[in-house]
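Counting begins at 1 with the first residue of the sequence.
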Amino acid sequence: MRFLLLVFINAGAVGISIAFVNFYFQRDWSAFLISFGISFAISFLVFYYLFQRYIYNKIRLIYKQIHSLKLGKDLKNALGEKMSNDPINDMEQQVRDWAKAKGKEIETLKDQERFRREFLANISHELKTPLFAIQGYIDALQDGMLEEDPETAAQFLVKASQNIDRLSFLIKDLDAISKLESGQIPVNYQKFDIVPLIREVMESMDDRARAHEITLRFKEKYQRAMMVNADREKIRQVLVNLVDNSIKYGKTRGQTDIRVYELFDTVLVEVTDDGIGIEEKNLTRVFERFYRTDKSRSRKIGGSGLGLAIVKHIIEAHEQTINARSTEGVGTTFAFTLEKESPAI
């Protein structure tokens, strides 16, 4: 043990020093050995007592506190008071581990603080923009525009209504993502064929795609069922959000392709557009709330800025994965997996 070795070395050093002093005056080797033995024994006992009382016990106490904090009170009690036989070495290692863990924790807290600041700034902007617009239209109407210019007043009412709708969508999406994060919305698993669901979503989004001169394509002509085990309505929301995103950022007279692949025990669904694409540095952040890679264009396109965040939460609630890959000027692909279910015989 390092403790005994340390005491032994210090006692030996004192013993040899005293023995050499005695030998210098007496020139007697027997006196040298006797003085060394006596001084070593006394020094060993003194150092052992001092080290044990004032250093070693303090180190054990610190180690015990670190050990208790690291395990947690309940687990420590369950394991009993069993301690290491070499607390000095173990304490050194645990302090290093603790410092490393705290460093990571501090970095995580810094990231969370940055995200909180960005989120507050973004939600403030998202709320203020339609509110100020509504306020401006109402002020104009109150100033007599209804009587002076009924046609412009009617246009202002339509624009005010559109901004109210934007606020409603934003609040609805905020409520949805809050419930998803807190687990208040359960995942209602059921076995269903995802191919008809994709076709349903494409039909529901067809008018919007046509308005943006974008063609929706489901390339593969599946003749058999592609069964999955998931929440059908939530996966519908995922598909709607991804297709809607592809329409927003797709190029005029472009296309959105949806593909499905079987991968062992999962089904992979891909939604690909041929639009503006996303810079590689932004790919890791596209699922963050309110994060927009092209803010000036995104503001004009509209939307709550929460669609991809909701998509990510839904897929992760299914214990599956979603990712994005993109090339600027070429297009973007969002791909997610679902648990595959064998079709009924």
Side-chain angles (χ1 to χ4, degrees), residues 173 176-206 208-209 214-250 255-275 277-278 280 283-289 306-327 330-345:
D173 283 351
I177 202 167
S178 175
K179 288 179 178 178
L180 284 167
E181 287 179 340
S182 61
Q184 294 180 30
I185 302 179
V187 177
N188 299 314
Y189 286 97
Q190 63 182 107
K191 301 173 186 177
F192 65 92
D193 185 357
I194 195 169
V195 174
L197 178 61
I198 292 173
R199 292 198 176 105
E200 289 174 21
V201 170
M202 291 178 68
E203 288 175 7
S204 68
M205 302 292 291
D206 189 58
R208 180 168 172 76
I214 290 176
T215 303
L216 301 181
R217 303 195 311 178
F218 190 23
K219 278 190 173 181
E220 285 75 10
K221 304 295 184 183
Y222 293 102
Q223 301 300 322
R224 60 185 179 83
M226 187 77 70
M227 302 298 294
V228 297
N229 185 30
D231 188 318
R232 196 176 194 275
E233 288 309 307
K234 287 186 176 61
I235 299 306
R236 178 195 297 274
Q237 186 177 3
V238 167
L239 288 168
V240 167
N241 282 350
L242 291 179
V243 172
D244 183 63
N245 193 76
S246 74
I247 293 171
K248 288 178 183 176
Y249 297 100
Q255 61 190 34
T256 291
D257 293 317
I258 303 178
R259 302 181 181 89
V260 182
Y261 306 94
E262 290 184 276
L263 299 174
F264 302 103
D265 58 347
T266 62
V267 170
L268 176 69
V269 182
E270 290 188 345
V271 178
T272 303
D273 65 60
D274 55 0
I278 304 170
E280 185 176 353
L283 277 176
T284 58
R285 301 192 62 189
V286 293
F287 295 105
E288 291 181 13
R289 289 173 290 185
L306 296 170
L308 291 179
I310 291 173
V311 164
K312 184 173 185 288
H313 279 290
I314 290 175
I315 296 301
E316 289 183 346
H318 283 75
E319 298 181 355
Q320 296 296 318
T321 60
I322 182 167
N323 61 77
R325 61 181 188 272
S326 182
T327 302
V330 176
T332 303
T333 296
F334 287 93
F336 65 91
T337 60
L338 294 173
E339 180 185 350
K340 184 170 72 173
E341 185 68 30
S342 300
I345 299 174

Pair Q320-F336, side chain to side chain contact (heavy atoms under 4.5 Å, CB included): steps then yes or no: CA-CA 7 Å; Q320 296 296 318; F336 65 91; over 6 Å; no

Smallest separation among heavy atoms of S326 and G331, with atom names: OG-O, 3.0 Å

Side chain to side chain contact (heavy atoms under 4.5 Å, CB included) evaluation trace for D231 with H318: CA-CA 8 Å; D231 188 318; H318 283 75; 3.6 Å; yes

Audit row: R217, D257, salt bridge (Lys or Arg N to Asp or Glu O under 4.0 Å) steps and yes/no: CA-CA 5 Å; R217 303 195 311 178; D257 293 317; 2.8 Å; yes

Separation of K234 NZ from I315 CD1 (nearest 0.5 Å): 11.5 Å

Whether over 12 other heavy atoms sit under 6.0 Å from E280 CD: no

Pairwise distance NE2(H313) to CD1(I322) - rounded to 0.5 angstrom: 11.5 Å

Backbone of T332 reached by a side-chain donor or acceptor of D273 within 3.5 Å: yes

Heavy-atom closest contact (S246 atom, I214 atom, distance): O-CD1, 4.2 Å

Shortest non-hydrogen contact between A324 and V286, atoms and distance: CB-CG2, 4.3 Å

Side chain to side chain contact (heavy atoms under 4.5 Å, CB included) evaluation trace for V271 with T256: CA-CA 7 Å; V271 178; T256 291; 3.9 Å; yes

Gap between atom CD1 of I194 and atom CG of L239 - 0.5 Å precision: 5.5 Å

Inter-residue atom distance Q237.CD - I310.CD1, 0.5 Å rounding: 5.5 Å

Nearest heavy-atom neighbours spanning E200 and R236: OE1-NH2, 2.9 Å

Nearest-0.5 Å distance that lies between atom CG in L263 and atom CG in L338: 11.5 Å

Residues T337 and T266: side-chain donor-acceptor under 3.5 angstrom: no

Any side-chain heavy-atom pair of V195 and F218 under 4.5 Å: yes

Any donor-acceptor pair under 3.5 Å from D193 side chain to M226 backbone: yes

N229 side chain reached by K191 side chain, heavy atoms, under 4.5 Å: yes

F334 versus N245, closest heavy-atom pair with distance: CE1-ND2, 3.6 Å

Value rounded to 0.5 Å, distance of CD in Q190 from CD1 in I235: 10.5 Å

